[in-house]
Visitor: 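Got a structure for you, questions after.
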Amino acid sequence: MKKIFSIVSFLFLASAVFADDGSRLWLKYDLLPDGQQREAYTKMTQFVAANSSHPTIKVAVQELEMGLKGLLGKAPVLVQTATKSGGIILNVAPNSPSNLPQDGFELFSEKGNIVISSKSEAGVLYGAFELLRYLQTGKSLVNLSVKSSPKIKLRMLNHWDNANGTVERGYAGSSMWKWTELPFRIDPRYITYARANASLGINATSINNVNASSRFLTEEYLEKIKVVADVLRPYGIKVFISVNFRSPRTLGGLKTSDPLDPEVRKWWNEKTKEIHRYIPDFGGYLVKANSEGEPGPQDYGRTHADGANMLAEAMRPYSGIVIWRAFVYNADPNGDRFKEGYAQFKPLDGTFDPKVIVQVKNGPIDFMPREPFHPMFGAFPKTTLGMEFQITQEYLGQSTHLTYLAPMFKECLDTDTYVKGKGTTVAKIVDGSAENHSLSLMAGVANTGSDANWCGHPFNQSNWYAFGRLAWDYTLSSEQIAEEWTRMTLTQKPQSVQKITDIMLKSHPIYVSYTYPLGTSHMMGEGHHYGPEPWLTKAARPDWTSIYYHRADSIGLGFDRTGKVSNALQLYSPEVQQLWGSPEKCPLDYLLWFHHVPWTQKLSTGRSLWDELCHRYYDGVGQVRKLQSAWESVKADIDKETFEDVKGRLKIQEKEALWWRDACVLYFGEFSKLPIPKPLVPPTRTLDEVKKLTEIYHLR
């Protein structure tokens, strides 16, 4: 523990010199500007006492000491027992009669002290971070009475980091994991990473890409992963490993990886036992199988359940689990990728081992900026389904667009599936309450990298923060989370906090307006997924093209999923079908997901489809310009380096919004044969000129 303490102390001292590069994330313990507020807080936090010397309690004490010293200018005294009032008491009470779950905590005033109590050490740590969040956001500590517990049991980051240091769909530099330096050098950023996750209640991380290399199961790499697990453990974080299903062949020299082969099962049993010698609290396996070229049980005529259950059998003597991704689809030019995951997994409902969680993306295609919720949610009563969100902004502007994702996450979680009557939201499927499942999972594809500020765009940090807060409590509002993050990260000035919160809340709808309005989808540049390419007609597989999804023709636009082309809508409950089933009643945000609508058809806005489409593309560009003005208005209250960084990226965002607008209205205009509606001004460049711009990003 001395090594961890020294690294944390180093980080705190370094922050005084490098306070403006974003490296401290939302854990900025700068001196609070209000002197009276500091004095009031100081009187209530003069000492810290703990009834345990557990490593997790030690880091909780260390965090409080560091945070209070920075925020209040005075460190608390560390004592073994509270003999007076005016301090903080950390209480691990495993036999507490409280009905809070293991990781839940209570934060309350008692006899003039602030008590942080939980049945677990991790719960006390989460409570310590909650107390610091109160100070950072200026909340009162008088008569504290807080009870908080996680609605999701496994709150997890999925890293798509590769052994060679690259990050698939990473936009913030190279991998944060320094595999060539491990196990002998611990990068101080691992500690900051652990602290940031613990501050949100994130309690698990899969450290490598789901397009996995078998090398992560070798002794060479297990020694490295052990050190990472040792660093994260005091912060309540368990390590998972993404595995390549072919590993028994590539590592074990077997002739097959058939999950029903006795030698293959034996190999996984022994490998799992070996991993636990290095990592006794190993979280488990994350598997992408028979998807986008990855090997899996279907290579041997077996099912996803056969593969998952084989690994669950290997994990049976231990506490860990198996997470099996449902992101699978066949290359069928006449099919509908929307239905693939459902079709492959539905016959398997009830056949998965209790140790298996099937991890499902929030939508049925692939992390599009706005998707209807995945039809698997609510249709698998006998299978534990976990949620997979994408924090890294693969289709949401990558690292150049300001796009706050809490509203997108909430839109999915709050949607009613109606499968067990009104109020059966996606969130209640995920937390297990709808079907009484004991396990629950919310995973987010991480957006961290080697950039000093971790996430590339300074505002992308807010999406890591928002994911963690919602995984803990999905009932929190997007506005509350945005305001918290802004106060902890950018400024405490009330007027600017409100303006920045407003920018964040508007940002996702704005992004959708100039990229994928009215339920369009999957029109990004081939391979790199950067910029627009709605004219893409040929790719390695048909469902990687754009025309597969938008179905533009002389009649109209959109993918009919009501039965004429695809019956995907029938995968939902009757109530959802009724909501989305007719173009007249379908919410405009989902319209072209389910309907092929004539260009001239009048919508609820009073405009034709073509006119509404154009107005949304144009309005999106205009709204980006308003974001620039709003950001300019808070300049005086923002660190100069951060302000200029965001200002420059907003200029890029405007340029790229124009790129999307021009590409789409010019391309779709060739089908509609209609002019750009007045008073909108037609693009000054031609479609061929826009296509040449897109071609630049394909050059090698």
Side-chain angles (χ1 to χ4, degrees), residues 290-291 298 303-305 324-352 357-368 370-389 408 411-430 432 434-435 437 519-522 542-543 548-551 558-583 585-587 589-597:
N290 290 122
S291 174
Q298 292 178 344
T303 69
H304 291 288
W324 194 272
R325 295 178 85 235
F327 181 57
V328 294
Y329 56 102
N330 296 322
D332 182 0
N334 300 314
D336 182 1
R337 180 168 153 185
F338 195 109
K339 303 190 298 181
E340 287 292 328
Y342 186 106
Q344 290 196 34
F345 280 85
K346 182 58 177 176
L348 305 177
D349 186 31
T351 66
F352 288 94
I357 297 178
V358 176
Q359 181 170 296
V360 183
K361 290 189 178 185
N362 59 284
I365 299 299
D366 187 10
F367 297 135
M368 293 291 102
R370 172 171 276 132
E371 293 196 43
F373 72 90
H374 203 299
M376 288 181 67
F377 290 115
F380 288 72
K382 300 176 183 177
T383 303
T384 301
L385 300 184
M387 172 64 75
E388 180 178 346
F389 286 124
M408 186 186 79
E411 182 176 307
C412 175
L413 292 167
D414 293 346
T415 301
D416 203 333
T417 69
Y418 292 95
V419 293
K420 301 196 81 173
K422 185 176 176 60
T424 316
T425 61
V426 172
K428 291 183 178 179
I429 302 296
V430 175
E435 301 292 353
H437 291 302
T520 48
S521 67
H522 209 284
D543 48 10
Y548 179 96
Y549 297 94
H550 62 64
R551 306 284 170 127
F559 198 133
D560 189 322
R561 292 188 166 96
T562 63
K564 296 176 183 177
V565 177
S566 164
N567 64 348
L569 185 60
Q570 295 177 21
L571 304 182
Y572 294 98
S573 67
E575 293 88 345
V576 174
Q577 291 181 46
Q578 186 175 15
L579 178 65
W580 295 340
S582 72
K585 294 181 180 180
C586 184
D589 287 335
Y590 295 144
L591 180 64
L592 301 179
W593 275 104
F594 295 102
H595 304 280
H596 190 77
V597 180

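All values reported here derive from a predicted model rather than from experimental measurement. The figures that follow rest on heavy atoms only: side chains count, while hydrogens, waters and symmetry mates do not.
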Visitor: Keeping H550 on the side-chain end and H522 on the backbone end, is there a donor-acceptor pair under 3.5 Å?
Guide: no
Visitor: Looking only at non-hydrogen atoms, find the nearest pair between P364 and P372 and report the distance.
Guide: CD-O, 3.2 Å
Visitor: Looking only at atom types and distance, does a side-chain atom of Y342 sit under 3.5 Å from a main-chain N or O of A379, one as donor and one as acceptor?
Guide: no
Visitor: Can you list the residues that meet the ring pair (Phe, Tyr, Trp, His ring centres under 6.0 Å) rule with F559, with sequence neighbours excluded?
Guide: none
Visitor: Working to the nearest 0.5 angstrom, can you tell me the gap between R551 CZ and L592 CG?
Guide: 13.0 Å
Visitor: Applying side-chain contact (heavy atoms from CB on, under 4.5 Å) to L579 and K585, what does each step give before you reach the verdict?
Guide: CA-CA 7 Å; L579 178 65; K585 294 181 180 180; over 6 Å; no
Visitor: Between OH of Y590 and CZ of R561, what distance do you get to the nearest 0.5 Å?
Guide: 13.5 Å
Visitor: Between the main-chain N or O of F327 and the side-chain N or O of S291, is there a donor-acceptor pair closer than 3.5 Å?
Guide: yes
Visitor: Given side chains that start at C-beta, do those of Q344 and N330 come closer than 4.5 Å, heavy atoms only?
Guide: yes
Visitor: Mind listing the closest non-hydrogen atom pair of T417 and V426 along with its distance?
Guide: CG2-CG2, 3.8 Å
Visitor: Report the distance from atom CG of L571 to atom NZ of K346, rounding to the nearest 0.5 Å.
Guide: 10.0 Å
Visitor: Salt bridge check: are E411 and R370 linked by an N-O gap of less than 4.0 Å?
Guide: yes
Visitor: Between D336 and F338, is there a donor-acceptor pair closer than 3.5 Å when you use the side chain of the first and the backbone of the second?
Guide: yes
Visitor: So which heavy atom on P542 is nearest to which on Y548, and how close?
Guide: O-CB, 3.4 Å
Visitor: Quick check against the 3.5 Å criterion: does Y549 have a side-chain atom that pairs as donor or acceptor with the backbone of D543?
Guide: yes
Visitor: Do the side chain of S573 and the main chain of V419 share a donor and acceptor less than 3.5 angstrom apart?
Guide: no
Visitor: Search all heavy atoms of K361 against all heavy atoms of R325 and return the closest pair with its distance.
Guide: CE-NH2, 3.5 Å
Visitor: Less than 4.0 angstrom from a charged side-chain N to a carboxylate O is my criterion; do E435 and K420 meet it?
Guide: yes
Visitor: Would you please test F367 and E388 for side-chain contact (heavy atoms from CB on, under 4.5 Å) and show each step?
Guide: CA-CA 9 Å; F367 297 135; E388 180 178 346; 3.5 Å; yes
Visitor: Do side-chain atoms of Q570 reach the backbone of N567 as a donor and acceptor pair under 3.5 angstrom?
Guide: no
Visitor: Indicate yes or no: at least one non-hydrogen side-chain atom of T425 is less than 4.5 angstrom from one of D414.
Guide: no
Visitor: Under 3.5 Å, side chain of T383 to main-chain N/O of D349, donor-acceptor pair present?
Guide: no
Visitor: Answer yes or no: is there a side-chain heavy-atom contact under 4.5 Å between Q578 and Y418?
Guide: no
Visitor: Once rounded to the nearest 0.5 Å, what's the spacing between atom CG of L385 and atom NE2 of H437?
Guide: 7.0 Å
Visitor: How long is the gap from OG on S566 to CZ on F594, to the nearest 0.5 Å?
Guide: 9.5 Å
Visitor: Looking only at non-hydrogen atoms, find the nearest pair between L348 and A305 and report the distance.
Guide: CD1-N, 3.9 Å
Visitor: Can you list the residues that meet the ring pair (Phe, Tyr, Trp, His ring centres under 6.0 Å) rule with F345, with sequence neighbours excluded?
Guide: H304
Visitor: With a 3.5 Å distance limit and no angle check, can you tell me whether H374 reaches the backbone of M376 through a side-chain donor-acceptor pair?
Guide: yes
Visitor: How many angstroms lie between atom NE2 of H596 and atom OG1 of T562, to the nearest 0.5 angstrom?
Guide: 11.5 Å
Visitor: Testing the basics here: between F373 and D416, what is the closest heavy-atom pair and its distance to 0.1 Å?
Guide: CE2-O, 4.1 Å
Visitor: Just by modelled atom types, is the W580 backbone N or O under 3.5 Å from a matching donor or acceptor in the H595 side chain?
Guide: yes
Visitor: Do other residues, nucleotides or ligands put more than 12 heavy atoms under 6.0 Å from the NZ atom of K339?
Guide: yes
Visitor: Could you check F352 against V358 for side-chain contact (heavy atoms from CB on, under 4.5 Å), going step by step and ending with a plain yes or no?
Guide: CA-CA 9 Å; F352 288 94; V358 176; 4.0 Å; yes
Visitor: Taking only residues two or more places apart in sequence or in another chain, which ones pass ring pair (Phe, Tyr, Trp, His ring centres under 6.0 Å) with F389?
Guide: F409
